[in-house]
Amino acid sequence: IEGFGRRTGLDWQPAGVGDGLRTFGPDDVLHYVYALFHCPTYRVRFAEPLRTNFPRILWPTGGEMFTALAALGRQLADCHLLRPEADGQRIEPREFPDEPVVIRRQAIRYERGRIWCAPNASWGPVAEEVWQFQVGGYQPCRKWLADRAGRLLTAEAAEHYGRMLASIRTTLDLQATVEQNFNLDSRRSCSL
């Protein structure tokens, strides 16, 4: 905490979120770290140590950078928790019948900007990078549908899947913004 305080010029408050101008709190530190771990350059640079060791938490270079990354980390966390305030880009199902459909494993595919789970049920438009996005070696867009193969897909589940697709799109956008705000190549990498 002392190290963060020295490097940011902000004063610690023991609960919640600081004002970003004079104070910082535990939620700010959590969100700063969350943003750091979503920085593409960070993941590449520390790929090997991340496989076998604890992650390195790099010191912020100043209060402005810390506050910017904490705000982006909060947006990422809200997005990953599918909170309504992060739901600005919902991807609605298209070509979807009024009644529930059965998800067919052989029908799950990405084709021309659309994700299909049955001959008459799809979402789109969806960017290919959203479909290809991986977490822990899995493609969540494919896996979510494949895990439900043979079951009915209700309107509520279809809406949830659309929110998940929007969350991945937002994650990709926020990762690019984190990358712009945190340039690992131009700074000293100190770790806690």
Side-chain angles (χ1 to χ4, degrees), residues 16-17 20 25-43 50 55 67-182:
V17 178
D27 289 0
D28 297 315
V29 174
L30 169 71
H31 292 124
Y32 165 82
V33 171
Y34 201 69
L36 174 67
F37 292 167
H38 283 83
C39 178
T41 300
Y42 174 90
R43 289 178 173 203
L50 286 171
T67 302
L69 286 176
L72 290 168
R74 177 180 300 285
Q75 289 177 46
L76 278 162
D78 287 345
C79 171
H80 296 162
L81 293 170
L82 300 179
R83 289 188 172 145
E85 57 268 27
D87 198 18
Q89 301 184 58
R90 182 176 301 180
I91 297 174
E92 299 291 339
R94 299 283 183 253
E95 299 184 30
F96 218 82
D98 291 334
E99 67 280 348
V101 299
V102 175
I103 298 173
R104 297 190 177 157
R105 186 174 300 275
Q106 66 275 15
I108 299 170
R109 69 187 186 285
Y110 179 84
E111 187 175 278
R112 286 184 246 137
R114 304 193 66 71
I115 297 174
W116 295 86
C117 71
N120 58 343
S122 70
W123 292 262
V126 177
E128 186 171 0
E129 67 180 337
V130 169
W131 172 252
Q132 296 294 338
F133 183 78
Q134 291 192 9
V135 176
Y138 292 100
Q139 253 183 288
C141 296
R142 178 186 298 277
K143 184 164 178 29
W144 192 91
L145 292 170
D147 288 349
R148 289 155 182 79
R151 296 195 304 193
L152 286 178
L153 181 66
T154 63
E156 294 81 19
E159 181 180 333
H160 176 83
Y161 187 70
R163 290 179 65 200
M164 188 179 96
L165 294 171
S167 174
I168 292 170
R169 171 74 271 157
T170 302
T171 297
L172 291 166
D173 294 343
L174 287 171
Q175 282 182 312
T177 305
V178 167
E179 184 78 21
Q180 293 168 354
N181 282 276
F182 190 79

Excluding sequence neighbours, so at least two apart, what forms ring-ring contact (aromatic ring centres under 6.0 Å, His included) with H38?
Y34, H80
What's the separation between atom CE in M164 and atom SG in C79, rounded to the nearest 0.5 Å?
11.5 Å
Do W123 and L145 have side-chain heavy atoms sitting under 4.5 Å apart?
yes
Side chain to side chain contact (heavy atoms under 4.5 Å, CB included) test vs I168 passes for just one of V135, D173, V130, namely V130
Do P119 and R104 have side chains that approach each other closer than 4.5 Å (heavy atoms only, starting at C-beta)?
yes
Say whether, by atom type as modelled, one donor and one acceptor occur between the side chain of R148 and the main chain of W144 under 3.5 angstrom.
yes
How far apart are the closest heavy atoms of G124 and R114, and which atoms are they?
CA-NH1, 3.6 Å
Would you indicate whether the side-chain heavy atoms of H160 and L82 approach each other to under 4.5 Å?
yes
Show the nearest heavy-atom pair for residues R105 and A146, with the distance to one decimal.
NH2-O, 3.1 Å
List the steps, then state whether side chain to side chain contact (heavy atoms under 4.5 Å, CB included) holds for L36 with L69.
CA-CA 7 Å; L36 174 67; L69 286 176; 5.8 Å; no
Regarding R74 and D78, does a basic nitrogen lie under 4.0 Å from an acidic carboxylate oxygen?
no
Hey, what do you get for OG1 (T67) to CG (L72), rounding to the nearest 0.5 Å?
11.0 Å
Hey, does Y42 have a side-chain heavy atom less than 4.5 Å from the side chain of L50?
yes
I'd like to know if the side chain of S167 reaches the main chain of R163, judged simply by a donor and an acceptor atom lying under 3.5 Å from each other, with no hydrogens or angles considered.
no
Within a strict 4.5 Å, meaning less than it, do heavy atoms of the I115 and Y161 side chains meet?
yes
Considering all heavy atoms of both residues, which atom of R142 and which atom of W131 are nearest to each other, and what is their separation?
NH2-CZ2, 3.4 Å
Kindly check if the number of other-residue, nucleotide or ligand heavy atoms within 6.0 Å of CZ (R109) is above 12?
yes
Nearest heavy atoms of L153 and A158, plus distance in Å:
CD1-N, 3.9 Å
Heavy atoms of F37 and R43 approach each other most closely as O-NE, 2.7 Å
Could you tell me the separation between the SG atom of C141 and the CD atom of Q134, rounded to the nearest 0.5 Å?
10.5 Å
Applying salt bridge (Lys or Arg N to Asp or Glu O under 4.0 Å) to E156 and not counting sequence neighbours gives none
